[in-house]
Number of protein chains: 2
Amino acid sequence: MSGTEENQGENKAFTEECHKVLMAVSDALYVIGGKWKLMIIIAMARGNKRFTEIQRQVTGISARVLSSELKELEMNGFIVKKVENGYPVTIEYELLPYSDTLEELVTAMTKWGMQHREKVKAEMSMGKSGKLKV
Amino acid sequence: MSGTEENQGENKAFTEECHKVLMAVSDALYVIGGKWKLMIIIAMARGNKRFTEIQRQVTGISARVLSSELKELEMNGFIVKKVENGYPVTIEYELLPYSDTLEELVTAMTKWGMQHREKVKAEMSMGKSGKLKV
DNA sequence: CTGTATCCTGGATGATACTG
DNA sequence: CAGTATCATCCAGGATACAG
């Protein structure tokens, strides 16, 4: 994000490039934004495959919401639902290769979240006000 | 009897690591999540400093929302509001160094959003259904 | 266990009008 | 230009109960 100032001639190009970037980020937010989708994928990447497992790992999510998020994730090609007929019927969700495309993004977000927590913690010990969920 | 649960011993460690990652992502989402914050920062990184400039670049945002988002971004140390007394008073918002820490994340999200749009476009031309904002 | 069905609320966002 | 005020709306998500 280097400063891009005064380019009268290039302004239009800048605006267009900016628009493309904004559209891309907007797209991404539309598909994987919200409180839960990335967290579900992360939990699944750690080996959680069963509905209840995922719900236990992703603290705070309700069954209703988890159910609907899983459906959206399936529709968008991130996961599959596998039903094994047996006693009892076993249902598992599995990540599809497309979910791997999120790896870089997830890594970046994890790193940022961790450093931000550290930063806020440091500020708090200096008396500034900051919000951190405990 | 296939697939017994891998590492009984490491399971706890996995769960803990997973929890940390989830917490980090949750933190990040809390601060920069939502529809607008990243987009505002991106627009500002492209040189937009004035309220109206930003509003024009970030298509669809209302004055009320932009105003409130700018305040939150300022509170979280991403930007400053600068008021130049003169005729007329000039108000500009500037990115602070802390906003640079988002660069990697923004880059990753931009890349992903672009490739996702391509993917959906490709699928649509194959007759599958996918949603893409036009 | 894996969900679905309801009901409900707060917060996020939109629309519009107005002010210094 | 840079907002604020107000009102209306929508919907993600929570709580709970129930079902296959």
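Lettering follows sequence order; numbering is per chain, from 1. All values derive from a computational prediction rather than experimental measurement. Reckoned from all heavy atoms, side chains included, excluding hydrogens, waters and symmetry mates.
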Subject >> Taking every non-hydrogen atom, the tightest pair across A:Leu105 and B:Ala108 >> reply: CA-CB, 3.8 Å
Original post:
In the single-linkage hydrophobic clustering (I, L, V, M, F, W, Y; side-chain heavy atoms under 4.5 Å), do A:Val80 and A:Ile40 co-cluster?
Top reply: no
**OP:** For A:Glu118, check salt bridge (charged side-chain N to carboxylate O under 4.0 Å, His left out) against everything at least two apart and list the hits.
**Re:** A:Lys121
Give the table of side-chain donor-acceptor pairs shorter than 3.5 Å for residues 46-54 of chain A, with sequence neighbours excluded, one pair per line with atom names and distance.
{"unit_1": "A:Arg46", "atom_1": "NE", "unit_2": "B:Glu17", "atom_2": "OE1", "d": "3.0"}
{"unit_1": "A:Arg46", "atom_1": "NH2", "unit_2": "B:Glu17", "atom_2": "OE1", "d": "3.3"}
{"unit_1": "A:Arg46", "atom_1": "NH2", "unit_2": "B:Glu17", "atom_2": "OE2", "d": "3.0"}
{"unit_1": "A:Asn48", "atom_1": "ND2", "unit_2": "A:Ala43", "atom_2": "O", "d": "2.7"}
{"unit_1": "A:Arg50", "atom_1": "NE", "unit_2": "A:Ile91", "atom_2": "O", "d": "2.9"}
{"unit_1": "A:Glu53", "atom_1": "OE1", "unit_2": "A:Lys49", "atom_2": "N", "d": "2.7"}
{"unit_1": "A:Glu53", "atom_1": "OE1", "unit_2": "A:Arg50", "atom_2": "N", "d": "3.2"}

Original post:
Over how many whole Å does the gap from B:Leu70 atom CG to D:dG3 atom P extend?
Top reply: 7 Å
Original post:
Applying side chain to side chain donor-acceptor pair (under 3.5 Å), which residue pairs with at least one partner in residues 99-111 of chain A are found, sequence neighbours left out?
Top reply: A:Thr101-B:Trp112, A:Glu104-B:Lys111, A:Lys111-B:Glu104
Original post:
Which heavy atom in A:Gly113 sits nearest to a heavy atom in B:Ala28, and how many Å separate them?
Top reply: CA-CB, 4.1 Å
Original post:
Below 4.0 angstrom from OP1 or OP2 of D:dG3, is there any side-chain N or O of B:Lys81?
Top reply: yes
Original post:
Excluding sequence neighbours, so at least two apart, what forms side chain to side chain contact (heavy atoms under 4.5 Å, CB included) with B:Lys35?
Top reply: none
Subject >> d(CD1, A:Ile91; P, D:dA19) in whole Å >> reply: 18 Å
Subject >> Residues which pass side chain to side chain contact (heavy atoms under 4.5 Å, CB included) with B:Thr59, listed by chain and number, not counting sequence neighbours >> reply: none
**OP:** Just need the stems in DNA chain D: three or more back-to-back Watson-Crick or G-U pairs, each with both distances under 3.5 angstrom, sorted by first number.
**Re:** C:1-20 with D:1-20
Original post:
Quick one, which residues of residues 41-53 of chain A touch DNA chain C with a heavy atom under 4.0 Å?
Top reply: A:Arg50, A:Phe51, A:Thr52
Subject >> Smallest separation among heavy atoms of A:Gln57 and B:Leu22, with atom names >> reply: O-CD1, 3.5 Å
Can you give the donor-acceptor pairs under 3.5 Å from side chains of residues 68-78 of chain A to other protein atoms, not counting sequence neighbours?
{"unit_1": "A:Glu72", "atom_1": "OE1", "unit_2": "A:Lys37", "atom_2": "NZ", "d": "3.1"}
{"unit_1": "A:Glu74", "atom_1": "OE2", "unit_2": "A:Lys81", "atom_2": "N", "d": "3.4"}
{"unit_1": "A:Asn76", "atom_1": "ND2", "unit_2": "A:Glu72", "atom_2": "O", "d": "3.1"}

Subject >> Non-neighbouring partners of A:Leu29 that pass side chain to side chain contact (heavy atoms under 4.5 Å, CB included), sequence neighbours left out >> reply: A:Val25, B:Met109
Subject >> Inter- and intrachain pairs under salt bridge (Lys or Arg N to Asp or Glu O under 4.0 Å), touching residues 82-92 of chain A, at least two apart >> reply: A:Lys82-A:Glu94
List every contact pair, protein side and nucleotides 10-15 of chain D side both N or O, where the distance is under 3.5 Å.
{"unit_1": "D:dG13", "atom_1": "OP1", "unit_2": "A:Lys35", "atom_2": "N", "d": "3.3"}
{"unit_1": "D:dG13", "atom_1": "N9", "unit_2": "A:Arg64", "atom_2": "NH2", "d": "3.4"}
{"unit_1": "D:dG13", "atom_1": "N7", "unit_2": "A:Arg64", "atom_2": "NH2", "d": "2.4"}
{"unit_1": "D:dG14", "atom_1": "N7", "unit_2": "A:Arg64", "atom_2": "NH2", "d": "2.9"}
{"unit_1": "D:dG14", "atom_1": "O6", "unit_2": "A:Arg64", "atom_2": "NE", "d": "2.8"}
{"unit_1": "D:dG14", "atom_1": "O6", "unit_2": "A:Arg64", "atom_2": "NH2", "d": "2.8"}
{"unit_1": "D:dA15", "atom_1": "N6", "unit_2": "A:Arg64", "atom_2": "NE", "d": "3.1"}

**OP:** With a 4.0 angstrom cut-off to heavy atoms of chain A, pull out the first and last contacting nucleotide of DNA chain C, in 5'-to-3' order.
**Re:** C:dC1 to C:dT6
**OP:** Over all heavy atoms of both residues, which pair between B:Leu96 and B:Ile79 is shortest? Give the atoms and the distance, please.
**Re:** CD1-O, 3.5 Å
